[in-house]
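Comments concern the structure below.
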Amino acid sequence: VTDDRIKTWFFGLAILGLSFLIFGNSIKGDFIYDDQIVLSHSLFNQPWQFFKFFTEPYFEDFIKAGLYRPLTQISFALNFALGGANPAGFHIFNILFHGLNSFLVFVFTKEWLKSPKIGVMATLLFLVLPIHSEAVASIVGRAELLGFFFAILSLLFWSRNRYLVSAVFLFCGLLSKETVIVILLVMAIKMLYDRSLAVLWKKFFYPAGVIGAYFWLRVYVLGEYTFKSNAE
């Protein structure tokens, strides 16, 4: 194991500790607002049927919201299975993922910009940005955390020419939160910057297939509310 790798792991542990230092006060928080609606899904009481989340809208019995996030729901189901209805476990999971996401910002930025110093700066800024408060402290902010986690992994493996692996993470991201689709724009901008448009078909072959599969599922579950919502 190289010294650089050891330093990277220690940095990751430090980031995780800082994540708990910053957001640890949310652990005592209760279920509030949308938490109570989303976490009232009847399937959370049926651990043997969690796969059914892939055929259910995000809000049970309210398809008009136009939301489809089965992996986020499955993560909530795991919380219920491991710790019951204690909100502390849900908050701890969110804080852990924020710390992990912050560390991935370091890995991603260091690799794309070839600068460990910029990677450290970007990570620390990402870690403490106040805009993340809702995503981390609110339990239903889990969709943001999971979406970002899979999105940045997709970009990371895409930049390493691991297109199939990247597409798998892209699919997982879309199943966590629909806004993850914007990473296709990030990929396009990176290709323009690198002047690699000549291999466009190769870089977007797997993502195109994943997008098709995702929208097939979305249409199947949401029907006329695939591209619109009528939320209360």
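All values below come from the heavy atoms of this structure, side chains included, with hydrogens, waters and symmetry mates left out. Note that this is a predicted model, so its numbers are computed, not measured.
Here Leu174 contributes atom CG and Ser154 contributes atom OG; the two are 8.5 Å apart, rounded to the nearest 0.5 Å. Taking OG1 from Thr8 and CG from Leu13, the interatomic distance works out to 11.0 Å, rounded to the nearest 0.5 Å. Taking CD1 of Ile139 as the start and CG of Asp30 as the end, the distance is 7.5 Å to the nearest 0.5 Å. Phe11 contributes atom CZ, which lies 5.5 Å from atom CZ of Phe106 (distance to the nearest 0.5 angstrom). To the nearest 0.5 Å, the span separating NZ on Lys177 from CZ on Arg142 amounts to 14.0 Å. Taking CD1 from Ile63 and OH from Tyr68, the interatomic distance works out to 11.5 Å, rounded to the nearest 0.5 Å.
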### Query
Between Phe80 and Leu39, is a side chain to side chain contact (heavy atoms under 4.5 Å, CB included) present by the stated rule, with each step listed?
CA-CA 9 Å; Phe80 277 113; Leu39 299 178; 4.1 Å; yes
### Task
Step by step, work out the side chain to side chain contact (heavy atoms under 4.5 Å, CB included) result for Ile22 and Val136.
CA-CA 10 Å; Ile22 296 167; Val136 182; over 6 Å; no
### Stepwise side chain to side chain contact (heavy atoms under 4.5 Å, CB included) test for Phe54 and Leu71
CA-CA 8 Å; Phe54 288 99; Leu71 283 189; 4.1 Å; yes
### Query
After noting the C-alpha distance and the side-chain angles of Leu145 and Leu100, does the key distance pass the side chain to side chain contact (heavy atoms under 4.5 Å, CB included) rule?
CA-CA 10 Å; Leu145 300 171; Leu100 181 58; over 6 Å; no
### Task
Carefully, step by step, assess Tyr163 and Asn161 under the rule side-chain hydrogen bond (donor to acceptor under 3.5 Å, both in side chains).
CA-CA 5 Å; Tyr163 302 122; Asn161 300 324; 2.7 Å; yes
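Partner Phe148 forms a ring-ring contact (aromatic ring centres under 6.0 Å, His included) with one of Phe97, Phe169, Phe108, Phe126 and no other, that one being Phe126. Screening Phe23, Phe149, Phe103 for a ring-ring contact (aromatic ring centres under 6.0 Å, His included) involving His98 leaves a single residue, Phe23.
In terms of heavy-atom proximity, Ser19 sits nearest to Ile95 at OG-O, 3.0 Å. Nearest heavy atoms, Gly66 versus Ser229: N-CB, 4.3 Å. For Ser102 against Ile15, the heavy-atom pair with the smallest separation is CB-CG2, 3.6 Å. Nearest heavy-atom pair across Ile183 and Ala151 is CG2-CB, 3.7 Å. When all heavy atoms of Arg69 and Ala143 are compared, the closest pair comes out as NH1-CB, 3.9 Å. Leu156 approaches Ser159 most closely through the heavy-atom pair O-OG, 2.6 Å.
Leu124 and Met121 are members of different hydrophobic clusters when ILVMFWY side chains are connected at heavy-atom separations under 4.5 Å. Each of Ile27 and Leu78 belongs to its own hydrophobic cluster when Ile, Leu, Val, Met, Phe, Trp and Tyr are linked at side-chain heavy-atom distances under 4.5 angstrom. Residues Leu175 and Phe215 share a single hydrophobic cluster, defined by chaining ILVMFWY side chains whose heavy atoms lie under 4.5 Å apart. Tyr225 is connected to Phe227 through a chain of hydrophobic side-chain contacts under 4.5 Å among Ile, Leu, Val, Met, Phe, Trp and Tyr, so both are in one cluster. A continuous path of ILVMFWY side-chain contacts below 4.5 Å connects Val210 to Val186, so both sit in one hydrophobic cluster.
Inter-residue side-chain proximity for Phe20 and Ile92 is flagged as met; some heavy-atom pair is nearer than 4.5 Å. You'll find the side chain of Leu127 stays beyond 4.5 Å of the side chain of Val105, heavy atoms only.
Counting non-hydrogen atoms of neighbouring residues, nucleotides and ligands closer than 6.0 angstrom, the CZ atom of Phe51 exceeds 12 such neighbours. For Glu111, the CD atom sits in a packed shell: over 12 heavy atoms of surrounding residues, nucleotides or ligands are nearer than 6.0 Å.
Taking the six-membered ring where the residue is Trp, the centroids of Tyr206 and Phe171 are separated by 6.0 Å or more. Phe90 has its ring centre less than 6.0 Å from the ring centre of Phe31. Aromatic ring centroids of Tyr58 and His41 lie 6.0 Å or more apart. Aromatic ring centres of Phe76 and Phe93: separated by at least 6.0 Å.
Proximity of a side-chain donor or acceptor of Asp35 to a complementary backbone N or O of Ser138 within less than 3.5 Å is not detected. Judged purely by atom type and a 3.5 angstrom limit, Arg218 uses its side chain to pair as donor or acceptor with the backbone of Thr226. Thr72 contributes a side-chain N or O that, together with a main-chain N or O of Ser176, makes up a donor-acceptor pair within less than 3.5 Å.
For Lys190 and Trp158, the positive end is not near the middle of the six-membered ring at less than 6.0 Å and at most 45° from its axis.
Ring geometry for Phe62 against Phe59 counts as perpendicular: the plane angle is over 60°, on a 0 to 90° scale with 30° as the lower cut.
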